[in-house]
Amino acid sequence: THAAATRNFVKKGVSWALHSIGCRSPDLHAAALELALDLAASQDAAERWVGRDALAKLRSPATQKRVGSNAARRSKAAAKRARRGTARDL
């Protein structure tokens with residue numbers, strides 16, 4: 001996996017991608033946290049680094065706030081579409 005790569009920019013890129021995915025929705029945040037925990041417990045040093053770095057970002061107050069605001073925004077948009085009769089399947 002790319003998480004096991006020893007090149008610094010690859011490790012940073014994997015961590016950044018995991019963080020970005022985890023910021024999209026509460027469900028993806030939970031999945032990203034689970035993966036980060038698995039990586040942090042790995043025997044491979046590079047995977048452990050990626051996991052710990054991603055965990056720090058995913059658990060930060062700023063990320064928690066962002067995930068909550070994204071969920072609230074999507075919920076409001078879905079309610080607005082439903083009122084207009086233009087609800088779409090996600």
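Model, not experiment: these values are computed from the prediction.
- Pairs passing the salt bridge (Lys or Arg N to Asp or Glu O under 4.0 Å) check and including a residue from residues 49-62, sequence neighbours excluded, read Asp53-Lys57.
- Remark: Ser60 pairs with Ala62, Thr63 by the side chain to side chain contact (heavy atoms under 4.5 Å, CB included) rule, at least two apart or across chains.
- Looking at Ser15, its side chain never comes within 3.5 Å of a backbone N or O of Lys11 through a donor-acceptor pair.
- Judged purely by atom type and a 3.5 angstrom limit, Arg48 uses its side chain to pair as donor or acceptor with the backbone of Gln43.
- Taken together through direct or relayed side-chain contacts under 4.5 Å among Ile, Leu, Val, Met, Phe, Trp and Tyr, Val14 and Trp49 form part of one hydrophobic cluster.
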Run the side-chain donor-acceptor check on residues 25-35: report pairs under 3.5 Å with partners two or more places apart or on a different chain.
from: Ser25; atom 1: OG; to: Leu28; atom 2: N; distance (Å): 3.2
from: His29; atom 1: NE2; to: Leu58; atom 2: O; distance (Å): 3.0

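- The nearest pair of heavy atoms linking Val67 to Gly22 is CG2-O, 3.4 Å.
- Interatomic distance, Leu18 CG to Cys23 SG, rounded to the nearest 0.5 Å: 9.5 Å.
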